[in-house]
Number of protein chains: 2
Amino acid sequence: MAATLHDVARLAGVSIKTVSNVINDYPHVRPTTREKVQAAIAELGYTPNLTARNLRSGKTGAIALALPDLGLSYFAELAADVIAEAEKAGVVVLVEQTGGDRQRELDLLRSPRLKLTDGLIFSPLGMGQEDVDALEVPYPMVVLGERIFDGPVDHVTMQNVEGARAATEFLIANGRRRIAVVGAHEGEVIGSAGLRTRGYVQGLEAAGIPYDEGLIAYTTTWHRANGATAMRDLLARGAEFDAVFGLNDTLALGAMRVLQEAGIDVPGDVHVIGWDDLDEAKYSIPSLTTVDPGRRWIARTAVRTLLDRIANPTEDHRSLLLADYRIVERESAPALQRESVTAP
Amino acid sequence: MAATLHDVARLAGVSIKTVSNVINDYPHVRPTTREKVQAAIAELGYTPNLTARNLRSGKTGAIALALPDLGLSYFAELAADVIAEAEKAGVVVLVEQTGGDRQRELDLLRSPRLKLTDGLIFSPLGMGQEDVDALEVPYPMVVLGERIFDGPVDHVTMQNVEGARAATEFLIANGRRRIAVVGAHEGEVIGSAGLRTRGYVQGLEAAGIPYDEGLIAYTTTWHRANGATAMRDLLARGAEFDAVFGLNDTLALGAMRVLQEAGIDVPGDVHVIGWDDLDEAKYSIPSLTTVDPGRRWIARTAVRTLLDRIANPTEDHRSLLLADYRIVERESAPALQRESVTAP
DNA sequence: CTGAAAGCGCTAACAC
DNA sequence: GTGTTAGCGCTTTCAG
């Protein structure tokens, strides 16, 4: 079995307290003693048992990140950012997938498995405002996303309404009038789909363009396949549009594919804008104009806020932290002046 | 603070052993006692302290997964599969990113942070055969990938040479003779790039087609941008080819984008095949023919093998487990007979 | 500067 | 059936 403090102490001929002092580099240790101990540590290949240390200290040095599915690019990139940021703080990340299922999310919040961590970054997808009370948990938590607001915890999220409105206005400024939406959720008010749709409506209103239900394509989950299906529906029912707002990049890419299959040119006939600024948005054909909702900032802020909350558990934490967004202009929806330059 | 066994025992008027018996549903507990205890548990909102349990049992119920970067789609999908499989076994997964950097990988193997887990699924990218001794670690480990063979641990991987040869033969069978490779690594023998390139060469040889160095495009990392750059190089130096073998899907998609920018039709002028069968390969334009290297099987097998190794630490584990591969035929490299059918 | 000893919360002999 | 008790390996008063 692995060596323990006792083994090291015995070999070095000192007490375990002295070994402990050396390990935690407590300053007042005689240099000769320190060397003896370090030699013994090296000889035995001793490494501290973190479980014991954690039991003692009540901390684990790990945080949990719960998200729907790493197969969804947005969440994969978010997780990459969270892990990288946690690493800077010397903290390790345990990743849980909920599948975006409400019951699994609720179960997770009460799971004893979270006891392995000091706190949770929670990105729900199935839960809604009615579950706000479930966020009252006995451990530090930071909530992401836009399923639940005004919970008893810190909340880091993006500016969905504002960003979507900006995306819509961007399309309108480039001469688009009939903007289809791919990925709306029927009757949803809160949640990414609901909020981004609201921003879309605001953008139309500001420009005096009437809202047309016939341009809205609904989906369940935001997979590529659903973006493709939604676009096929739109085409099948004869919708006429000169732009598409994919409520995320994945949907937009799926929709774009169907457009091209149907012989509709992007951006010649139809402009397409997405949301997320995934890595792949740079490399699609054409490259995808999109809204960067500040994912890196969200990851960084979530980790820092959680660690702060862990360090100061008594303070009240229920701030709402909003990331900046910006439109990343690429080929699928060029701005007017560029279009006139690049057109043949 | 959170309630402990003692608190529950005191409230229920029993000893902690009885409470422990109830929690671990030990059969011989009088029903009335059980109820009393359960009531106390509910009242106090007691949940067991896993850290203490782990210290006692020497297990943590967690495994670590170390991979280069979740921002790389293949690893994100692999991680999703690993976490899902681990969850079935009631085990939680701690994800570490190494950036594919050799030193970080070596450091990770010796990191005390791994003490928080019962074992490691390790997917190195920077380490090589010369580091095989570093795999001799005092905890259960399963190695993935093709950087290191014949280590002192179980190894789960894909059939790189065979799959690449099959991909090459597939292209040849469809009339292709000049097949460019995107993503080779200069001078590499082992490792994904080296092995897949070897399979490519074998495929050419079997068909009596001479190897042409001018058709090989080298890259460092396998990001989309590098696939694009490699293809630009190939075009810039006037290479003539009628097919492209992207050593992974991401490279193939980047290369395909550049081909189309250059007015080269896929698959009309050039066939493209990738490797990985990422989700997005289904939805690119055109959809990407690719080699499915058995990623799900690898994830499942890695988790099961590791858990088995954790349960039976004494047995010698140094098996080599190989996934089946298969060619997933899509639009970017249609098979001959289908091409003639679907052509207008 | 270093040693002795208590105890973090839990499980598992071992009694009764 | 249920209670007592001894640790798991570590940190941390408190003495010396």
Side-chain angles (χ1 to χ4, degrees), chain A residues 1-41 44-62 112-118 138-139 313, chain B residues 1-41 44-62 112-118 138-139 313:
Chain A
M1 285 306 298
T4 74
L5 271 189
H6 282 96
D7 300 328
V8 177
R10 199 176 316 119
L11 182 61
V14 298
S15 83
I16 62 168
K17 174 59 161 84
T18 305
V19 180
S20 175
N21 283 343
V22 171
I23 289 164
N24 301 295
D25 37 47
Y26 179 72
H28 308 300
V29 179
R30 198 179 302 163
T32 56
T33 314
R34 180 183 302 277
E35 276 170 30
K36 259 194 313 191
V37 172
Q38 276 163 343
I41 289 175
L44 293 171
Y46 169 80
T47 59
N49 180 319
L50 289 192
T51 305
R53 188 177 279 178
N54 294 342
L55 175 57
R56 204 34 247 233
S57 68
K59 299 247 168 297
T60 68
R113 309 199 308 187
L114 289 178
K115 276 280 167 60
L116 287 172
T117 64
D118 297 330
Y139 48 82
Chain B
M1 285 309 297
T4 75
L5 270 190
H6 282 96
D7 300 329
V8 177
R10 199 176 319 123
L11 182 61
V14 298
S15 83
I16 61 167
K17 174 58 163 76
T18 305
V19 180
S20 176
N21 283 343
V22 171
I23 289 165
N24 301 297
D25 38 46
Y26 178 71
H28 308 299
V29 179
R30 196 178 304 163
T32 55
T33 314
R34 182 184 301 277
E35 275 170 31
K36 259 194 313 188
V37 171
Q38 277 163 342
I41 288 175
L44 293 171
Y46 169 81
T47 58
N49 181 320
L50 289 193
T51 305
R53 187 178 282 178
N54 293 343
L55 175 58
R56 192 52 240 236
S57 67
K59 300 245 169 295
T60 68
R113 309 199 308 189
L114 289 178
K115 275 279 167 62
L116 287 172
T117 63
D118 297 330
Y139 47 83

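Every value quoted in this text rests on a predicted model; they were computed, and no experiment measured them. Throughout, protein chains are lettered first and strands after them, A, B, ... in sequence-line order, and every chain is numbered starting at 1.
- Going from atom CG of A:Asn49 over to atom C1' of D:dT11 covers 13 Å, rounded to whole Å.
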Report each atom pair, protein N/O against N/O of nucleotides 2-6 of chain D, whose distance is under 3.5 angstrom.
residue	atom	partner	partner atom	Å
D:dT2	OP1	B:Thr33	OG1	2.6
D:dT2	OP2	B:Arg30	N	2.9
D:dG3	OP2	B:Ser15	N	2.8
D:dG3	OP2	B:Ser15	OG	3.1
D:dG3	OP2	B:Thr18	OG1	2.5

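- From one end of the helix from C:dC1-D:dG16 to C:dC16-D:dG1 to the other, with five pairs defining each end axis, the axis direction shifts by 40° (rounded to 10°).
- Contact record, B:Val22 with B:Gln38: CG1-CG, 4.1 Å, taken as the closest heavy-atom pair.
- With rounding to the nearest 0.5 angstrom, the NZ atom of B:Lys59 is 11.0 Å from the OG1 atom of A:Thr51.
- At the phosphate of D:dT11, OP1 or OP2 sits under 4.0 Å from a side-chain N or O atom of A:Ser20.
- To the nearest 0.5 Å, the span separating OG1 on A:Thr18 from CD1 on A:Ile23 amounts to 11.0 Å.
- One atom, CZ of A:Arg53, and another, P of D:dC10, lie 8 Å apart when rounded to the nearest Å.
- For A:Ala52, counting side-chain heavy atoms from C-beta on, the closest listed nucleotide (D:dC8, C:dT11, D:dC10) is D:dC10.
- Annotation: side chain of A:Thr4 is not in contact with side chain of A:Asn49 (no heavy-atom distance under 4.5 Å).
- The backbone N or O of B:Arg53 lies less than 3.5 Å from a partner atom in the side chain of B:Ser57, making a donor-acceptor pair.
- In this structure, B:Lys115 places its NZ atom 15 Å from P of D:dC8, rounding to the nearest Å.
- Counting any heavy atom pair closer than 4.0 Å across all strands shown, B:Asn24 reaches sugar-phosphate atoms only and no base atom.
- In this structure, the CD atom of A:Glu35 is 16 Å from the C1' atom of C:dC1, given to the nearest Å.
- The separation between A:Tyr46 atom OH and D:dG9 atom P is 10 Å, rounded to whole Å.
- Of all non-hydrogen atoms in B:Gly61 and B:Asp118, the two that sit nearest each other are N-OD2, 2.9 Å.
- For the pair B:Asn54 CG and C:dC10 C1', the interatomic distance rounds to 10 Å; values are reported in whole Å.
- For the pair B:Leu44 CG and C:dG9 P, the interatomic distance rounds to 14 Å; values are reported in whole Å.
- Spacing between atom CG of B:Leu50 and atom C1' of C:dT11 amounts to 13 Å, rounded to whole angstrom units.
- Under a 3.5 Å cut-off, the side chain of B:Thr60 and the backbone N or O of B:Leu116 do form a donor-acceptor pair.
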